[in-house]
> 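My questions all concern the structure below.
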Amino acid sequence: MAMPRPPRVLLLLTVLLGASAVTGFTNVPETPRSVCKGLANMNQYNDFALENTAECFEKCNQEGDKSCHLGNLQSYWLNLELYLVEKSDLALPNMTFVKAFVKDVYTNISEDLEFSLTPSEVPRPVEANEDKPPDRVRFPRSLFASLGSSREMVRMAVTVLDVGSGGVFKGPQLSQGDGSRVLNNRLLGFRLGNLSVSGLAEPLEITFSHQPQPPNMTVTCVFWDVTRASTGDWSSEGCSTKRGTERTVCHCDHLTFFTLLLRPVLNRATVEALTRVSQAGCVTSMTFLAFTIALYVVLRQRFKSEDAPKIHVALSISLFLLNLTFFINVERGPQGSGVACRAQGATFHYFLLCVFTWMGLEAFHLYLLVIRVFNTYFGHYFLKLSLVGWGLPALMVIGTGSADSYGLYTILDQEDRITLQLCWFQKETALYITVHGYFLITFLFSAVVLGLVAWKIFTLQSATAGKEQGQSWRSVFTVLGLSSLVGMTWGLAILTPLGLSTIYIFAIFNSLQGVFIFCWFLVLYFLSPRAASSSSGTAHVNQTQSVSRD
């Protein structure tokens, strides 16, 4: 009697369970589906695998994501040179993103070896009678002589690799948001056989050509150090940098992958000096701002019906708290847990936005008083300004904090050492939008208003020329006083890319804004009876206008 055939569903389940059991017992790992995990093409260097893996240069961002593994990807490209020197039958890559040259070199050579590293060409030996190319590497004869006792010939690989704008070969220090980057995204790799070459008595010489760089940035010779961080990072140990306007020469005592890092010019000594200058300015500014606030409190009945002194004091309070939080942030450094650091960064950000907002409101009040003049009545005017001055920054900080944008901010010097750490932003996009962008909007508005007020002041002066002595000087001082209220000293930040001297000028003048406000407040309301009749210090422009009555 024939046995009944098992149902097909039962047979299928049996096969699947058997396959699962075999997989479980043999513990065979599943190959990642994503090439950017870095394992799918590992040890495969044909054209297809190279092009396939090179797509990850653009796909993997600075922080990486679940579909990328920066460590595996970087190992893939580091192993390419070893593969080149071990596989004599391998076709040498000549693609837009990677070009390589392999050569057997006798260790008893009588002269140094030079190779052209022109980005658009495959690396090649430089002939003795040709002009030296702008991008090149020189291997000292002594390097090969040191290998002569163990071998007669060694296989050399020279590689030029374009890593694109993603996160591969960028490393942790390039994620600090300070503008650092790999110059032209180009890496140069050198290898001799399967040897690990380091501690050379006579270093190799690498020459990079490049465009003139901004004065606030500098280039540094670095190599990829696989021992740094979890996935590797750039290091300058064993390399020296000889900088030029359009050419930089690196001398390094080992062989690996090299490049130039473009980084801010600030080093440890400069950052410390600027920090001391800013801290001294902050203490001085806070002292005079406290005097300004105290004068207003003592004589507040005198200013009860005026709006301008209230706006000045609101700006003084926000500026005092900003200086205080900055002083604490820099003096104590990052403290406590990550939550505490984020809270500290959010507090600093809030008072900075308050200062920008109140400077913009100073300009708005000046516009109503001097430019618009008519139809300037607003009910509960100062209350509405206060809601904007303190409330708008709070909303921006809440939105920024909800995006987890605050955290530890680190500035590194040219030797990869930490020069400054403070609780600030950890996401560059949020910094640009909520600080740089917001400041630019308020600054441009204030600058336009101040320009119109200055034009009106000097136009009025021309109309009344000869009627009063010293009016020109008073007009100049009036414009200077108003400029301190609307934050023109902050505009010096735009000049900082011009060099280190402008950075010091910005640090000094901007940290003393509180002193300028106190002097203006004192002259306007206590030393000048004529000016006291105007709520904005522009009495000689318009002495009768009023903005509101609460």
> Mind checking the CG-CG spacing from L289 to L319? Nearest 0.5 Å is all I need.
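With rounding to 0.5 Å, CG (L289) is 5.0 Å from CG (L319).
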
> Relative to the ring of F356, is the ring of Y438 parallel (under 30°), tilted (30 to 60°) or perpendicular (over 60°)?
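Tilted, since the angle between the ring planes falls between 30° and 60°.
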
> Go through it in stages, so that I can follow the logic: the residues are F223 and F257, the test is ring-ring contact (aromatic ring centres under 6.0 Å, His included), and I'd like the CA-CA distance, side-chain angles, deciding distance and then a yes or no.
CA-CA 6 Å; F223 73 97; F257 273 88; over 10 Å; no

> Mind checking whether F208 and N184 have side chains closer than 4.5 Å, heavy atoms only?
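No; the side chains remain at least 4.5 Å from each other.
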
> Might you point out which heavy atoms bring V163 and K170 nearest each other, and give the distance in Å?
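V163 and K170 have their closest heavy atoms at CG2-NZ, 4.0 Å.
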
> Would you call the rings of F97 and W77 parallel, tilted or perpendicular, taking 30° and 60° as the class edges?
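Perpendicular, since the angle between the ring planes exceeds 60°.
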
> Find out whether S278 and F327 are in side-chain contact, i.e. whether some heavy atom of one side chain is under 4.5 Å from a heavy atom of the other.
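No, their side chains stay 4.5 Å or more apart.
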
> With a 6.0 Å cut-off (strictly less than), is the heavy-atom count around CZ of F326, excluding the residue itself, greater than 12?
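More than 12 within 6.0 Å, yes.
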
> Once you measure the plane-to-plane angle for F521 and H312, does it fall in the parallel (<30°), tilted (30-60°) or perpendicular (>60°) bin?
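Ring orientation of F521 relative to H312: perpendicular.
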
> Can you say whether the rings of W424 and H349 are parallel (under 30°), tilted (30 to 60°) or perpendicular (over 60°)?
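Judged by the thresholds at 30° and 60°, the geometry between W424 and H349 is perpendicular.
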
> Quick one, L260 and V182 - any side-chain contact, counting heavy atoms below 4.5 Å?
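Counting from C-beta outward, L260 and V182 never come under 4.5 Å.
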
> Any non-hydrogen side-chain atom of L73 less than 4.5 Å from a side-chain atom of C60?
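SC-SC contact between L73 and C60 confirmed.
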
> So do the side chains of P309 and Y296 get within less than 4.5 Å of each other, counting heavy atoms only?
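In short, these two side chains touch, coming nearer than 4.5 Å.
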
> Pairing donors with acceptors under 3.5 angstrom, does anything connect the side chains of R263 and T218?
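Looking only at side-chain atoms, T218 and R263 do not form any donor-acceptor pair under 3.5 Å.
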
> Is there a side-chain contact between E246 and P212 in this structure, where contact means two heavy atoms from C-beta onward sitting under 4.5 Å apart?
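They are in contact (side-chain heavy atoms under 4.5 Å apart), so the answer is yes.
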
> Step by step, work out the side-chain hydrogen bond (donor to acceptor under 3.5 Å, both in side chains) result for R247 and T207.
CA-CA 7 Å; R247 184 171 300 173; T207 303; over 6 Å; no

> May I ask you to decide whether K310 forms a salt bridge with E306, counting only side-chain N to carboxylate O separations under 4.0 Å?
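So K310 does not pair with E306 through a salt bridge.
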
> Does a side-chain heavy-atom distance below 4.5 Å link L353 with F348?
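No, every pair of side-chain atoms sits at 4.5 Å or beyond.
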
> Hey, can you tell me if F169 and W224 have their rings parallel, tilted or perpendicular (30° and 60° cut-offs)?
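If you compare the ring of F169 with that of W224, the planes turn out perpendicular.
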
> Take L408 and Q426, measure what side-chain contact (heavy atoms from CB on, under 4.5 Å) needs, and give me the verdict at the end.
CA-CA 6 Å; L408 185 62; Q426 62 180 1; over 6 Å; no

> Above 12 or not: heavy atoms from other molecules or residues under 6.0 Å from NZ of K384?
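Enclosed.
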
> Using a distance-only test with no angle check, is there a side-chain donor-acceptor pair under 3.5 angstrom linking S165 and E58?
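Distance-only check passes for S165 and E58.
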
> Any non-hydrogen side-chain atom of T489 less than 4.5 Å from a side-chain atom of F506?
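T489 does not reach F506 side chain to side chain.
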
> Cys pair C250/C221: SG distance under 2.5 Å?
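Yes, C250 links to C221 through a disulfide.
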
> Angle between ring planes, H436 versus Y432, binned at 30° and 60°: parallel, tilted or perpendicular?
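Rings of H436 and Y432: tilted, 30 to 60°.
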
> Are the sulfur (SG) atoms of C36 and C56 separated by under 2.5 Å?
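The sulfur gammas are closer than 2.5 Å, so yes.
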
> Measure across L188 and R186 and return the closest heavy-atom pair with its distance rounded to 0.1 Å.
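Looking at all heavy atoms of both residues, the closest pair is CD2-NH1, 3.7 Å.
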
